[in-house]
S.K.: 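Questions regarding the structure given below will be posed in turn.
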Amino acid sequence: MAQATVPLSNDIMSSTSTSKLGGAPSAGRTPAANGHYVNGSAATSDASSERIQIIDDEKQFTSALTAQIEKWGLGHAGFDYDIVSVFGSQSTGKSTLLNRLFGTNFDVMDETKRQQTTKGACIWMCKAKGANLLVMDVEGTDGRERGEDQDFERKSALFSLASSEVLIVNLWEHQVGLYQGANMGLLKTVFEVNLGLFGKKTPDGRNQRTLLLFVIRDHIGTTPLANLQTTLSADMQKIWESLSKPPELKDKQLSDYFDLSFAALPHKILAADKFESEAKALSRRFLDKTKEDYVFSPQYHKRIPADGAAFYMEGIWEQVQSNKDLDLPTQQELLAQFRCDEIATAALAEFNEQAKPQKRPVESGKVVEGLGKMMRAWRSGAIDRYDRDASRYHPGVYKRKRVDLIGVIDSTLSPLFLGQLKNLHKASLATYKKEMLDGMKGENYNFADVVTASRERIEKRFLEGAQEALVEGTDWSYAEELQLLREEARIVADQCRKDETKKMVNVIERNFKKQISEPVDLYLNKPTPDMWDKVLKLFRDTLEKAESSYLAKAKSFDCTDEENTTALTTLRKRAWLALRAKIEEQTADTVFLGKLRTYFEERFRYDENGVPRVWRPDDDIDGAFRNAKEQTLELISLYWKIKPTNPKLEFSLPSDASDSLATGEEFDFPSTLVVFTETKALDLTNRFRRDADAFYVEAKRSTVSGVAQIPYWVYGMLVVLGWNEAMVVLFNPLYFAMLLVLAASAWIIIQLGMVGPVLQIVKTLGGEVHRQVDHRLREHFTPPQLAQPVRASSSRGARRDSVDDDKVRRMKQEPM
């Protein structure tokens, strides 16, 4: 046997060995349970020789590998174990080679049938006999069973390369120098993806290295091993240089990740004895750690403990499975992709032309009649055309492209469907509002019945339109839009109910104001000790009628108890504020002072029988005045707060009573009970006393005028002496007019009680005239002072301006 190891320093080593491999001979084969033949070692029952399928024909990683490693006795081996796998074309004797090298029991090909043995088994693993060595047998490449389907070949090759320390590349001598025959294309793909997935440095800072051991089968010696090695090394270097490397690894060389080693084996049939001896020699390179060419260098070890190897390999397989770079299509798939794309594009173009005219009406908010029927026809037409022309091509591509086509079609139709739903939603909601308003135009209507009937009609119309717009085979749904329509319809109904409730409360409030207006005026204009009892009794009776009227009408509104409670609280508050406004109207300052004057006059100027009094000197004016004033002042204490004598008639509202139909400031009920504040009551008392004093003075003057009589001869003297002056005044139009004006002014002043203010004005005016005359006289008779010399022209100008200003002021002040 000839063999060599190249750590890519171009050092070529070769050696030969003629010893035989121990174990059962190749001729001792027994049929296995699956119908294939295995060597005699398969019959052993030793647990160490058991094999396990780690990846099945469904490309699933087994969960039993950890337990099997325990059975093999490697559970506590730590790092004292190694992994080797084989890679090569189908029917090149990979399983036979592994059985010879490691004493395993992998299935081998029935040479009379020439069929793949690992197909369906995918990847198997077995423990080497007498060594802590895990051996993987990988499905062969380029098998007729898989044909152009190379997906698993690429993935299994990448998996074995990433998880093994040594990858045995098994190939025939005549395959050396071939590209596809030597699997160079597959190796290129695997190397490229391996760099992207597993090309990063290990935690200890070193590159993940692997030994590629090329085993050249049926080597007859015509071409020396060294020449074959040179050819393979050059091919590997070419492959590496042509890789599409990640940017961070573009400067990396093949020797940074892989070492190359070579070995040759003679023909298994024509030189059977020599084959066995060379195979045994090659086996020692894997099993004898003392040999110089021992293949399992520490730098190749993945540094994964044996008890974690299963999890590590499972993770590698998951990464390999999820990598899309390995999914390279076959020629048949490429043709199918091209043609299916063309067919789908043509079908889609026709579909778009059909759907285009309906986009604008839907986007403009219009409900398109029969849109669902049209969409179903467009969709089925496009799919049928695609199925007719594309179903003849690769089934997988045809189905995949069909799914893509349906996705594009549905994504185009989906906006039309959603737009149709939104338009149905808007139209239904508008119809709902109109029907509700039309149903509430009459007087005798049941609000709940109107709302229910309108809602049922619009939901029925929406469901009919939404179901018509559905397209079979899609996951479209109108449930969300229907729920949204129901929510908005409920909101509209609630708002309408609030508006109607507000109108009803406003009507009840207006009726309430009308009913209490005249009685409250009557009670407040005739004050009695039980005045507030009468007012509050009237208020309670009228409020109870208003509440009964509200409850009777609210039944048809389908209001909840909470809403009724809130509305009644609002009604009570508004009713109370209406009463309070009426009281304020009757207790305004001018109105209330008028009430006090009237009340005082009735008791001071009229007797008990209502007869006007004519005051005489001997009448008790002071006593009558005092009694009338005291009785009148008692009205202020009666009016200042709403407080009935009967506690049962007291009315109260919570201070936090809110008006649900309007917004305003916080409501403070106790403050509304106070009609007059202390300051206002004091002000009204003082103003009334001034008015009462005027009545008292007038009464006193009337008695004095009756006592002080002027002698009659004085009147005759006045007539004689003033006759000429009277005639002048009477017969002179100007004097007569002035006399009439003065008489009218005097009468008005007396009637308005403004004699005192007029006298004060005259007095002030006289004082001002006196002051001005005194000032003018002093200024006139004061000798002028000599002006001081002026230092500068600017100063003279300023003084001249000042003198001119004084003259102007004097001219303005002098009487015209």
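Atom set for the values below is all heavy atoms of this structure, side chains included, hydrogens, waters and symmetry mates excluded.
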S.K.: Can you measure from CD (Gln321) to CD1 (Ile316) and round to the nearest 0.5 angstrom?
M.R.: 13.5 Å
S.K.: Taking only residues two or more places apart in sequence, or in another chain, which ones meet Gln483 in a side chain to side chain contact (heavy atoms under 4.5 Å, CB included)?
M.R.: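 Listed in chain order: Arg486, Glu487.
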S.K.: Do any pairs count as a salt bridge (Lys or Arg N to Asp or Glu O under 4.0 Å) and have a residue in residues 345-365, sequence neighbours left out, and if so which ones?
M.R.: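 Every pair satisfying salt bridge (Lys or Arg N to Asp or Glu O under 4.0 Å) with a residue in residues 345-365: Glu350-Arg385.
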S.K.: Give every residue pair that meets the ring-ring contact (aromatic ring centres under 6.0 Å, His included) criterion with at least one member in residues 357-376, sequence neighbours excluded.
M.R.: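 Of all non-adjacent pairs touching residues 357-376, none passes ring-ring contact (aromatic ring centres under 6.0 Å, His included).
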S.K.: Report the residues that fulfil salt bridge (charged side-chain N to carboxylate O under 4.0 Å, His left out) with Lys434, sequence neighbours left out, ordered by chain and then residue number.
M.R.: Asp438
S.K.: Return the set of residues passing salt bridge (charged side-chain N to carboxylate O under 4.0 Å, His left out) with Glu369 (not counting sequence neighbours), or none when no residue passes.
M.R.: none
S.K.: With sequence neighbours left out, what residues match Leu470 under side chain to side chain contact (heavy atoms under 4.5 Å, CB included)?
M.R.: Phe417, Trp476, Tyr478
S.K.: Taking only residues two or more places apart in sequence or in another chain, which ones pass salt bridge (charged side-chain N to carboxylate O under 4.0 Å, His left out) with Asp389?
M.R.: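 Residues passing salt bridge (charged side-chain N to carboxylate O under 4.0 Å, His left out) with Asp389: none at all.
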S.K.: May I have the list of side-chain donor-acceptor pairs in residues 157-165 shorter than 3.5 Å, sequence neighbours left out?
M.R.:
from, atom 1, to, atom 2, distance (Å)
Ser160, OG, Ser156, O, 3.1
Ser160, OG, Ala157, O, 2.8
Ser163, OG, Phe159, O, 2.7
Ser164, OG, Ser85, OG, 2.8
Ser164, OG, Ser160, O, 2.8
Glu165, OE2, Ile83, N, 3.2

S.K.: Kindly write out the residues that satisfy side chain to side chain donor-acceptor pair (under 3.5 Å) with Asp410, not counting sequence neighbours, or none if the list is empty.
M.R.: Arg379
S.K.: Checking Ala64 now: which residues fulfil side chain to side chain contact (heavy atoms under 4.5 Å, CB included) with it, not counting sequence neighbours?
M.R.: Ile52, Thr62
S.K.: Mind checking salt bridge (charged side-chain N to carboxylate O under 4.0 Å, His left out) for Asp387 and listing every partner two or more places apart, or none if nothing turns up?
M.R.: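 Checked Asp387 against salt bridge (charged side-chain N to carboxylate O under 4.0 Å, His left out); matches are Arg402.
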S.K.: Got a sec, which residues hit side chain to side chain contact (heavy atoms under 4.5 Å, CB included) with Ala309, two or more places apart in sequence or on another chain?
M.R.: Ile69, Tyr81
